[in-house]
Asks: 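Have a look at the structure that comes next, please.
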Amino acid sequence: MVKLRLKRCGRKQRAVYRIVAVDVRSLGGGRDPRKVGFYDPIKNQTYLNVPAILYFLEKGAQPTGTVHDISKKTGVFTELHLNQ
């Protein structure tokens, strides 16, 4: 099963997050993550690769709660409904 989740990067007190697609069935918390976005809560910046996110959602990927909220704010789910 593939999940869209956040991966923490950056230094202490300056966290930034990558939004990655990870296969949760593999050992070690998931291998070969594919970067599909970027989120910086300090500067309030978000970059999403919308075609890649839509591809994974159509294939059955489950976003975590935070990724779902970020995607909802940018309107990814409205594009998903328009494609169907």
Side-chain angles (χ1 to χ4, degrees):
M1 179 166 113
V2 176
K3 278 201 168 202
L4 297 174
R5 67 178 186 91
L6 295 176
K7 181 178 180 182
R8 189 179 195 276
C9 300
R11 61 178 202 239
K12 279 197 274 185
Q13 305 297 322
R14 299 282 301 168
V16 294
Y17 298 93
R18 290 183 187 151
I19 300 171
V20 295
V22 178
D23 185 10
V24 295
R25 291 177 292 185
S26 62
L27 297 175
R31 296 281 184 230
D32 297 322
R34 177 157 180 224
K35 291 185 269 184
V36 295
F38 176 83
Y39 173 61
D40 187 354
I42 296 170
K43 295 181 182 175
N44 200 17
Q45 294 178 339
T46 304
Y47 166 75
L48 298 176
N49 186 353
V50 177
I53 291 174
L54 291 176
Y55 170 78
F56 283 112
L57 289 175
E58 288 171 354
K59 296 293 182 184
Q62 297 295 314
T64 60
T66 308
V67 173
H68 183 271
D69 292 342
I70 292 169
S71 301
K72 194 174 183 181
K73 285 181 186 177
T74 58
V76 171
F77 293 109
T78 57
E79 292 184 30
L80 179 65
H81 293 300
L82 291 176
N83 288 344
Q84 293 176 353

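One-based numbering along the sequence shown. Values below: all heavy atoms of this structure, side chains included; hydrogens, waters and symmetry mates excluded.
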Asks: Please list, chain by chain and in numerical order, all residues satisfying side chain to side chain contact (heavy atoms under 4.5 Å, CB included) with Tyr55, sequence neighbours excluded.
Replies: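 Listed in chain order: Lys59.
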
Asks: Please tell me whether Val2 and Tyr17 are part of a single hydrophobic cluster in this structure, the criterion being side-chain heavy atoms less than 4.5 Å apart.
Replies: yes

Asks: Once you round to the nearest 0.5 Å, how far does CG of Leu54 lie from CZ of Phe77?
Replies: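 Interatomic distance, Leu54 CG to Phe77 CZ, rounded to 0.5 Å: 9.0 Å.
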
Asks: Can you give me the closest heavy-atom contact between Ile42 and Gln13, atom names plus distance?
Replies: CD1-O, 3.9 Å

Asks: Name the atoms and distances for all side-chain donor-acceptor pairs under 3.5 Å in residues 64-72, with sequence neighbours left out.
Replies:
{"from": "Ser71", "atom 1": "OG", "to": "Val67", "atom 2": "O", "distance (Å)": "2.9"}

Asks: How close do Asp40 and Ala15 get, heavy atom to heavy atom, and via which atoms?
Replies: OD1-O, 4.1 Å

Asks: Same cluster for Phe38 and Leu57 if Ile/Leu/Val/Met/Phe/Trp/Tyr side chains link at under 4.5 Å?
Replies: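 No, because Phe38 and Leu57 fall into different hydrophobic clusters, even though each may have its own neighbours under 4.5 Å.
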
Asks: List the steps and the verdict of side-chain contact (heavy atoms from CB on, under 4.5 Å) for Leu4 and Val20.
Replies: CA-CA 6 Å; Leu4 297 174; Val20 295; over 6 Å; no

Asks: Is there a side-chain contact between Lys3 and Val22, using heavy atoms and a 4.5 Å cut-off?
Replies: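 Result no, sub-4.5 Å side-chain heavy-atom pair not found.
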
Asks: To the nearest 0.5 Å, what is the distance between CD1 on Ile19 and NZ on Lys35?
Replies: 12.5 Å

Asks: Could you list the residues that satisfy side chain to side chain contact (heavy atoms under 4.5 Å, CB included) with Lys73, not counting sequence neighbours?
Replies: none

Asks: Let me check something: do Tyr39 and Val16 share a hydrophobic cluster, defined by ILVMFWY side-chain heavy atoms less than 4.5 Å apart, either directly or through other members?
Replies: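 They do not share one cluster, since no chain of ILVMFWY contacts under 4.5 Å joins Tyr39 to Val16.
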
Asks: Report the distance from atom CZ of Arg18 to atom CZ of Arg8, rounding to the nearest 0.5 Å.
Replies: 13.0 Å

Asks: Which heavy atom in Asp23 sits nearest to a heavy atom in Met1, and how many Å separate them?
Replies: OD1-O, 3.1 Å

